[in-house]
Amino acid sequence: MASITKSYEPHDVEKKWYAAWLEAGCFAGKANPAKAPYTIMIPPPNVTGVLTMGHVLNNTLQDILVRRARLEGREALWLPGTDHAGIATQTVVEKELRKEKKTRRDLGREKFVEKVWSWREEKGGIILKQLQALGASADWSRTQFTMDPAYSQAVLGVFVDLYGKGHIYRGKRMVNWCPSSLTALSDEEVEMRPTKGLLYQVRYEVVDQPGKFIEVKTTRPETIPGDVAIAVHPDDPRYTALIGKKVWRPLNRAQIPIIADSAVDKEFGSGALKITPAHDKVDFEVGQRHKLAPIDILTPDAKLNELAGPELEGLERFAARKKAAELLKESGALVKEEPYENNVGYSERAGVPIEPRLTWQWWLKYPRIEEAKTAVRDGHIKFYPERWSKVYLHWLENIQDWCISRQVWWGHRIPVWYAKGLDKEALTEADIADPKKVHVSLAGPSDPQNWVQEDDVLDTWASSWLWPFATLGWPDKATMEKAGFDYFYPTTTLVTGPDIIFFWVARMIMAGLEFVRPGEPLERRIPFKHVYFTGIIRDQQGRKMSKSLGNSPDPLDLIAKYGADGLRFGIVSIAPQGQDLRFQEDRIEGGKNFCNKLWNACRFREMNGEMADNSSLGAILARVEPAKFDADDHAILDRLLGTTREVDRCFTEFEFSAAVQAIYGFFWNDFCDWYVEVSKSKLQPPSSQDSGAPRDPAEKANCLAIQDLVLRQTLLLLHPFTPFITEELWHLLGYGSEGTFLMRDTHLENSSQITGRGLKPDPAAAAQVAQLKAVVSQVRAFKAEHGEGASKVSEFVVEATDTHWTVLEANLTKLQRMLGAGSLVRGAMSPNAPAIVTAFGSWNLIKQLKGDPAAEKAKLVKDLETIAKHVAATEARLANKAFTDKAPAAVLEGARKQLADQQAKQAELQRLLAALG
RNA sequence: GGACCUUUAGCUCAGUUGGUUAGAGCGUUUCGUUGACAUCGAAAAGGUCACUGGUUCGAGUCCAGUAAGGUCCA
């Protein structure tokens with residue numbers, strides 16, 4: 001009885017091997033000068049995150065890369081960790097507080113931050129545990145968190161450093177304000193959404209010409225109390241006479257000037273623009289040019305304040321819009337309103353429209369912009385697919401300063417202290433530059449009692465941009481040494497989504513170039529050499545998977561249903577390079593089925609002969625006897641080497657799904673469907689379907705050795721994709737010894753290393769097998785057409801040339817088995833039996849009942865018509881002088897051979913037809 | 001407004017530098033289980049490669065334009 005069970009049951013196998021790998025320290029990456037390093041830093045998921053299909057894809061690919069690197073003999077480090085995700089995490093904890101009817105302000109800053117920490121201890125980082133269920137071979141002993149003390153020191157140190165270099169400044173500027181999270185956001189965190197609203201046409205009465213009006217169009221009438229001017233284009237003849245005059249502001253009535261500014265678009269609306277500097281970026285600039293003080297009419301949570309006038313004060317912004325429209329209507333200032341759609345910026349996280357708001361913030365002028373361009377443009381960093389480099393470069397061309405301060409509590413508190421009593425709202429540049437008034441340092445001031453620390457924390461991305469090197473202990477020399485910084489940096493590959501090119505990828509490149517190994521060449525400072533961008537996983541309707549839509553399957557459910565290997569194999573098989581993909585559960589099922597197929601092929605091997613020495617490639621090769629090879633042996637080995645080369649190529653090009661498909665096709669079609677089937681006539685007792693010749697023990701041993709070889713190399717090729725089942729079978733079939741692991745202690749030989757050991761399959765024999773396969777398939781179809789099922793035993797007469805018969809005879813036993821043929825004999829064609837023309841002669845199907853001559857005739861006529869068309873087409877091609885003159889020799893040769901084959905078939909069909917009478 | 005992507009079988013997608021009669025998986029239909037696997041095997045049906053033009057001896061593949069869908073930037 002076989003020790004391998006009838007079907008593959010993943011759960012215990014997965015648990016067993018993951019624990020064994022962990023126990024043996026297989027995932028540890030240690031600097032080893034004897035090997036080349038291979039490093040991947042995980043894109044740190046939010047500490048609040050749970051595993052999604054996107055994570056499954058992304059992390060499976062990373063695991064595939066590091067596992068393959070280990071098999072190739074490299075020292076692999078996959079460093080895991082989580083991101084503190086400032087606003088997101090704070091929101092989660094605030095939500096918990098709300099259940100107790102409390103806000104973070106009730107607790108105060110210190111208590112609240114403590115609370116977040118304890119939340120994190122208790123519930124944070126679940127996702128890392130979930131990744132383990134997927135088989136992730138990350139070095140968990142190195143797990144990092146962006147708020148770890150050492151990491152925080154790096155983040156704050158960078159702030160101090162960049163401040164000292166003049167890259168960071170404090171300024172009162174227009175920011176994207178989130179009225180829900182009550183913080184500033186960077187431009188990248190604002191999402192433009194087409195939004196339906198109304199366009200209001202409002203008239204402002206000219207002060208010294210009662211009855212004369214100037215009209216503007218606006219989508220935000222509630223901001224009218226913040227208007228400080230009406231602007232027109234200086235060259236607009238409609239308004240030249242009015243420039244310098246005053247109009248009445250229709251809400252919170254007051255006189256405001258008409259000014260000329262060339263930023264005004266003459267074509268839009270009436271060509272006049274209301275200027276509201278406190279609530280619009282462009283207006284702010286116009287206001288500055290004309291020295292008009294802004295009037296801020298909004299509170300931080302976007303309610304109207306007292307400056308909006310008594311009728312609007314206290315209203316929430318959208319209610320105020322309605323009310324403003326009503327007031328304008330009553331006063332006759334509203335000319336009309338019409339439906340309108342425009343782009344409105346929304347807070348990506350909170351999902352509410354942002355407000356442009358004038359506030360004091362900390363800003364960063366990016367360092368190393370030009371070098372960051374060069375690194376990608378000159379290929380020091382390669383993007384896959386390459387096209388994303390355009391997006392990257394375009395962003396760098398148009399880069400704006402980065403607002404790095406956030407008005408939240410959870411995060412890295414900015415290491416700046418203000419002298420007590422200083423008016424922070426009235427700071428001048430000179431004040432900020434004065435160390436007596438503003439202190440910036442890692443250690444803080446020596447007399448803390450005289451200072452107040454900055455309230456703001458840093459944008460989360462202003463910590464994660466240091467990820468590739470801060471995770472390796474930078475900047476502390478001793479820690480770096482211990483972590484193997486010199487060995488593992490730059491990292492090899494980054495696997496991430498194109499949606500964070502700006503947030504993360506570009507910023508990491510600039511940070512690496514600025515901070516790592518100053519003065520050294522660019523290729524030593526870049527954070528990674530390859531960036532692989534995955535696609536986005538969508539549902540069947542093409543929608544993004546999201547919690548709110550509920551269209552995302554839980555990966556853990558899928559693992560329970562199909563096994564981690566099945567999930568991995570399935571997801572990779574549907575993930576073409578850099579293209580979004582539609583999730584199909586049946587492909588995951590396909591992954592599971594493939595695992596079962598692999599399992600059963602190994603079971604077949606085990607059931608068909610004693611296991612011999614499988615302990616190394618050399619041991620197996622020593623059992624292989626090339627002298628005993630038949631065409632099928634040559635063919636399967638030829639395909640094994642071809643597949644090995646193809647998978648190699650796929651890894652260099654990051655074509656994971658192509659690799660999986662190559663292995664799938666080879667293993668299922670070439671090995672299981674053909675080689676294993678034809679092996680049966682060498683391995684198993686004679687059956688009624690073959691000639692009954694006794695089995696040759698040497699031939700059998702050779703066949704088993706070849707199966708051992710193919711299975712071994714297949715397990716190696718597959719291991720990065722399906723680590724658990726391959727490790728299990730590796731041991732069950734005796735490829736690995738107790739205490740060693742496929743994943744750690746094995747070297748994957750490439751095709752030239754295998755042929756280098758004397759295994760050189762004959763491609764001509766391989767080609768012959770391909771022909772035989774085609775004939776088998778053709779004859780099976782022929783049988784089916786005549787009502788003879790695949791397994792029914794049929795009798796055949798073949799009229800073949802000596803050459804063809806020699807080949808058929810050499811393969812007689814297995815052909816009989818593959819065809820379900822009771823007999824296959826050489827002889828003259830019978831005109832009354834159904835017939836078919838193949839590459840190896842004409843075949844008669846001898847049935848109990850004679851074929852219907854009329855039907856047979858009709859079929860031959862139809863076949864002849866088809867072949868005649870093909871012959872004519874090929875002849876026409878060859879008769880074309882332009883073709884024969886210009887086409888390459890190989891193509892010409894192919895066409896000639898094709899014609900010869902077609903003509904031979906045509907002649908044979910004609911002969912059969914004639915014989916039929 | 002600018003840039004990029006996609007359009008191939010009922011569905012989801014391959015198709016490398018242009019070269020026989022365009023492939024796979026799933027689905028559908030027919031046949032097949034004591035012999036590794038029904039999580040399986042055999043076979044079949046199914047495509048004017050979005051459209052229009054061009055380059056070429058030859059175009060799914062290269063070029064230009066059009067249409068539809070999608071993404072990003074402004």
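A note on names: the letters A, B, ... follow the listed sequences, proteins ahead of strands, and every chain is numbered from 1. Reckoned from all heavy atoms, side chains included, excluding hydrogens, waters and symmetry mates.
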Next on the checklist: Taking the minimum atom-to-atom distance to the side chain of A:Asn593, which one of B:C40, B:A36, B:U12 wins?
Outcome noted: B:C40
Next on the checklist: In this structure, is the centre-to-centre distance between the rings of A:Phe383 and A:Trp388 below 6.0 Å?
Outcome noted: no
Checklist entry - What's the CD-C1' distance between A:Gln579 and B:G69, to the nearest Å? => result 13 Å
Next on the checklist: Quick check on RNA chain B: between A:Arg582 and A:Ala781, whose nearest nucleotide comes earlier from the 5' end?
Outcome noted: A:Arg582
Checklist entry - According to the Watson-Crick and G-U wobble definitions, with both distances under 3.5 Å, which nucleotide is paired to B:C40? => result B:G32
Checklist entry - Paired with B:G1: which nucleotide, if any, by Watson-Crick or G-U wobble criteria at under 3.5 Å for both distances? => result B:C73
Checklist outcome for this item: The Watson-Crick or G-U wobble partner of B:U7, with both key distances under 3.5 Å, is B:A67
Item to check | Minimum-distance nucleotide (side-chain atoms of A:Trp668 versus B:A36, B:C40, B:G19) | outcome: B:C40
Checklist outcome for this item: The Watson-Crick or G-U wobble partner of B:A14, with both key distances under 3.5 Å, is none
Checklist outcome for this item: With the side chain defined as heavy atoms from C-beta on, A:Gln661 is closest, among B:G35, B:U39, B:A14, to B:A14
Next on the checklist: Using a 4.0 Å heavy-atom cut-off, does A:Cys672 contact any base of the nucleic acid, only the sugar-phosphate backbone, or nothing at all?
Outcome noted: base
Checklist entry - For the base of B:C37, is there a side-chain donor-acceptor partner from A:Lys597 under 3.5 Å away? => result yes
Checklist entry - Tell me, do A:Trp504 and A:Thr496 make a side-chain contact under 4.5 Å, heavy atoms counted? => result yes
Checklist entry - Counting only Watson-Crick or G-U wobble pairs whose two distances fall under 3.5 Å, which nucleotide matches B:C62? => result B:G54
Checklist entry - Has the side chain of A:Gln707 got a donor or acceptor atom sitting under 3.5 Å from an opposite partner on the base of B:A36? => result no
Checklist entry - How would you label the contact of A:Ala895 with the nucleic acid (heavy atoms, under 4.0 Å): base, sugar-phosphate, or nothing? => result nothing
Checklist entry - Are A:His786 and A:Phe782 an aromatic pair by the rule of ring centers under 6.0 Å? => result yes
Item to check | Sole residue of A:Phe533, A:Phe651, A:Phe654, A:Phe656 in ring pair (Phe, Tyr, Trp, His ring centres under 6.0 Å) with A:Tyr384 | outcome: A:Phe654
